[in-house]
Number of protein chains: 2
Amino acid sequence: MLDARVITALEEIVGLEQVTTQKADRICYSYDATQQSFLPDVVVHPANAQEISKVMLLANAEKVPVFPRGAGSGFTGGSLPTRGGIVLVTTRLDRILRIDGDNLVAEVEPGVVTEQFQQAAEKAGLFYPPDPASLKFSTLGGNVAECAGGPRCVKYGVTKDYILGLEVVTPQGDIIRTGGETMKGVVGYDLTKLMCGSEGTLGIITRIVIKLLPLPEAKKTMLVLFDSIDGAAQAVSEITRAKIIPTTLEFMDATTIDCVRKATGLDLPETAKAVLIIEVDGEQGMIERQAQRILEVVRPLGVVETRVADTAAESEEIWKVRRLVSPSLRKVNPDKFNEDICVPRSKVPEMIRRVEAIAEKYAIPIVNFGHAGDGNIHVNIMVDKKQPGIEEKAEAAIEEIFAATLELGGTMSGEHGVGITKAPYIPMELDPAAVAYMKAIKRTLDPNNVLNPGKIFLEDEKTFHRAS
Amino acid sequence: MLDARVITALEEIVGLEQVTTQKADRICYSYDATQQSFLPDVVVHPANAQEISKVMLLANAEKVPVFPRGAGSGFTGGSLPTRGGIVLVTTRLDRILRIDGDNLVAEVEPGVVTEQFQQAAEKAGLFYPPDPASLKFSTLGGNVAECAGGPRCVKYGVTKDYILGLEVVTPQGDIIRTGGETMKGVVGYDLTKLMCGSEGTLGIITRIVIKLLPLPEAKKTMLVLFDSIDGAAQAVSEITRAKIIPTTLEFMDATTIDCVRKATGLDLPETAKAVLIIEVDGEQGMIERQAQRILEVVRPLGVVETRVADTAAESEEIWKVRRLVSPSLRKVNPDKFNEDICVPRSKVPEMIRRVEAIAEKYAIPIVNFGHAGDGNIHVNIMVDKKQPGIEEKAEAAIEEIFAATLELGGTMSGEHGVGITKAPYIPMELDPAAVAYMKAIKRTLDPNNVLNPGKIFLEDEKTFHRAS
């Protein structure tokens, strides 16, 4: 347990009612979407950057680890309090400070829920493209810390591409501003982008300046069912070759389709072995022609059926298929490892073949879906945890999947981050000198290793007590 | 002078004919576009990353500064050998290694000239948007190191937005790969973006993985002359409000127009007090409608004349006006300070008014042109160096311009970087804690301060001998 003195000091900083040491409360902040759980000693809910700064000063003085947390929806354990200590929740910093249509800029606090911000922007005729699947509950601060992606990233890029500036509390408790609110800026090192995707290890985000786009005039959604995975993969290449970058190019393999059909009864033909959900957006006339061209290009590639949405409701119907994937998988098989590898887009067919071979070798069902347009495939290794030895087998399969990914010029994580679940595999992807360079940055900015220690890089210079 | 032993070691690393200590040769590498000159002790032309790595190992062992250099076309002295030592020229690493249309990716060495790469991409139906004015001679390595911009950045973003991965020789001589060739990737800190715009102080770029776009189908160029600067500025806002982001939105003020008219005899009416060059690109049908809409939107704002290019030759004619700006200014007034401030786009009219007031106060002509679409204005302070005391006056004017820029939420540099010319002003823009955070990164990665020392941050921990 933490010294009572530290708890009292925290209470002085954030107020009595914003500190909790009750076990029931601590359990609520002990887990994330990985389903792993680590009990913190204390949970604090600061109101602003000044309070967060004071918490960090205290943490350094007392050598207590601090684990910043948004909605706790991460897939790799980035926010888990693996060493007890303090969970610092940013959800009280939840104001949309401004949405400025003249400059296509917004300023928000980190606790704003992504979808709520998107809706506010759309009300002003503006557009915030990043759309992680968790957008209904994940926070923008978490999105920035993990550099979240989503289906629309094919055309529009990831969270990082929309972050112009930040206010950050450094590991040592300074409050700094990075970047700014201009579209360009090259004064000093780009701490803004360094912070994006650093998984809360280099600073705690307390304010975010966001770049917006004008809201596209219209969109058009298509569902195309193929009789083979190769046909669908080929379609992705042909669309790129036709010089069209759709807004989304989502993909589901045969096992995914089966799961959705079984779990939901949705009308998906048995002959369909792969699905693409293709959406284009922009100026009305242009997207009509793009949709036409896409259908022409994919037609010779074994299309079983095509559904084109003419109304918003029909588009909704198509997206339902995609949105039901995760619930369906959970229904069919509650336990799974979800990896989000990313390969150069032309390597998607080869990658799928390799995953199928690995699934066969280990006799574990593996379900693939995701963002084919940018090569980011969600590989779901379906396990029944009651089966003895299955987790070890699954881990061996995952290691082979990562090896294949890297061999094809890919990365272990397109959008979920490293956290703790992928940390052991870091040496497979990054060379030791690059890791040393990164760790040197971490060490110099957080010499006491108090901010989110043990994330991304496995070994640490210092270790702390585990929570009781 | 450097010890003969160091020269011999350099000759062993890169070969006898790739090392020069001749004064005439050293003079060639003593300057850049700032017109400042610092004589290096020796100039080396390595062939590859391995040789560069060995040079860095030697530099650390001998505590000799190394100044990496591409084409030496920078505007802020980023490549100047301010402390003698070694100039390391990267122009021999000049291969385009591959252009991959299936994955919309290219891989190049840093010495490739930007325009040559753009042309090679276009030949493959692909598009590399960043277009700094120096593109005919500047290198991609320099573009990345400075995070170069250009007119097309309004729509397409800056160099950084197109860099997926790098190979870098670290200040201590390790060769590391950062990022990758996938569209997404969140494994470890984003060293790629940290390197972009770090002005050669954190590593020497030896390979670049570039993201490409499909080449737009068509483009349309328009020249619109306004009877007031406010009309042109208002036009920029109205185009944004109409939800159109043009490819370029270039701006020239009355003094710029006068200079071009005087120097070239181009037909530009005397009543024109501001010019916008507006280009849209994309699908043919869409850009016709966008061009139409833009002309409708700007018409009530005091338009003196409109020229719309229907052919490539006519588009060329319009761009000639913009391209002749720099030569015209030089002809009218050979000495000038060129600053590239950037403000939120809605603040452009206010910024121009402030610059005009400062010009009047100091009785120095100031010419404004640049990228109005993203608020990036090139402010040219015209001086006659023969006039006594004029440089001091100009510097006072620059400081006032920077103060106004920052007051309006802008930055001192949109695309030129800090180098040595803006280093004294860093404390005006960045708070001390942010500078400390940046310097901590520099110090830990370059403990001997041998790689491009004295750039960006004025004070340094260690100083070296000046060249003879």
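Below, each value reflects all heavy atoms present in this structure, side chains not excepted, and no hydrogens, waters or symmetry copies. Residue numbering restarts at 1 for every chain, and letters A, B, ... go by the order of the sequence lines.
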At a 4.5 Å cut-off on heavy atoms, which part of A/V187 comes close to chain B: side chain, backbone, both, or neither?
both

Find the one option among B/G197, B/G410, B/G125 whose heavy-atom pairs under 4.5 Å with chain A are most numerous.
B/G125

Residue selection (most heavy-atom pairs with chain B, distance under 4.5 Å) from A/G203, A/G375, A/C147, A/G188
A/G188

Counting heavy-atom pairs under 4.5 Å to chain A, which of B/D161, B/T76, B/I245 comes out on top?
B/I245

Engaged part of A/L202 at the chain B interface, taking heavy atoms whose separation is under 4.5 Å:
both

Which bit of A/H371 comes within less than 4.5 Å of chain B, counting heavy atoms only: side chain, backbone, both or neither?
side chain

Mind ranking A/M195, A/E181, A/E283 by heavy-atom pairs under 4.5 Å with chain B and telling me who comes out on top?
A/E283

Give the C-alpha distance, both sets of side-chain angles, the deciding distance and a yes or no for side-chain contact (heavy atoms from CB on, under 4.5 Å) between A/Y437 and B/L191.
CA-CA 9 Å; A/Y437 198 109; B/L191 300 184; 3.8 Å; yes

Assess the residue pair A/R241 and B/D102 against the criterion (salt bridge (charged side-chain N to carboxylate O under 4.0 Å, His left out)); give the C-alpha distance rounded to whole Å, side-chain angles, the decisive distance to 0.1 Å, and a yes or no.
CA-CA 7 Å; A/R241 245 178 245 137; B/D102 286 344; 2.8 Å; yes

Would you mind checking which part of A/N376 comes under 4.5 Å of any heavy atom in chain B, side chain (CB onward), backbone (N, CA, C, O), both or neither?
side chain

What part of B/S237 gets within 4.5 angstrom of chain A, counting heavy atoms only: side chain, backbone, both, or neither?
neither

Most heavy-atom pairs under 4.5 Å with chain A, out of B/L104, B/I244, B/V343, belong to B/L104

Looking at chain B, which one of A/G101, A/G149, A/G417 has the largest number of heavy-atom pairs inside 4.5 Å, strictly under?
A/G417

Separation of B/I287 CD1 from A/M286 CE (nearest 0.5 Å)
11.5 Å

Cut-off 3.5 Å, side chains only: do A/T201 and B/Y189 have a donor facing an acceptor?
yes

Residue, of A/T182, A/V186, A/I176, that accumulates the most heavy atom pairs under 4.5 Å with chain B
A/V186

From the list B/K422, B/Q172, B/R289, the residue making the most non-hydrogen contacts under 4.5 Å with chain A is B/R289

Around atom CD of A/Q292, are there more than 12 heavy atoms from other residues, nucleotides or ligands closer than 6.0 Å?
no

Is it the side chain or the backbone of A/E429 that comes within 4.5 Å of chain B heavy atoms, both, or neither?
side chain

Heavy-atom pairs under 4.5 Å with chain A: which of B/Q284, B/R177, B/K243 has the most?
B/K243

Heavy-atom pairs under 4.5 Å with chain A: which of B/R345, B/E217, B/E415, B/M183 has the most?
B/R345

Please test A/D374 against B/K184 for salt bridge (charged side-chain N to carboxylate O under 4.0 Å, His left out), starting from the C-alpha separation and ending with a verdict.
CA-CA 7 Å; A/D374 47 28; B/K184 292 166 163 179; 3.4 Å; yes

Inter-residue atom distance B/T444.OG1 - A/L445.CG, 0.5 Å rounding
8.5 Å

Tell me, for A/E199 versus chain B, whether the close heavy atoms (under 4.5 Å) come from the side chain, the backbone, both or neither.
side chain

Any side-chain heavy-atom pair from A/I441 and B/L194 closer than 4.5 angstrom?
yes

Applying a strict 4.5 Å limit to non-hydrogen atoms, the region of B/I175 in contact with chain A is backbone

After noting the C-alpha distance and the side-chain angles of B/K160 and A/D190, does the key distance pass the salt bridge (charged side-chain N to carboxylate O under 4.0 Å, His left out) rule?
CA-CA 10 Å; B/K160 182 175 299 187; A/D190 192 342; 2.4 Å; yes

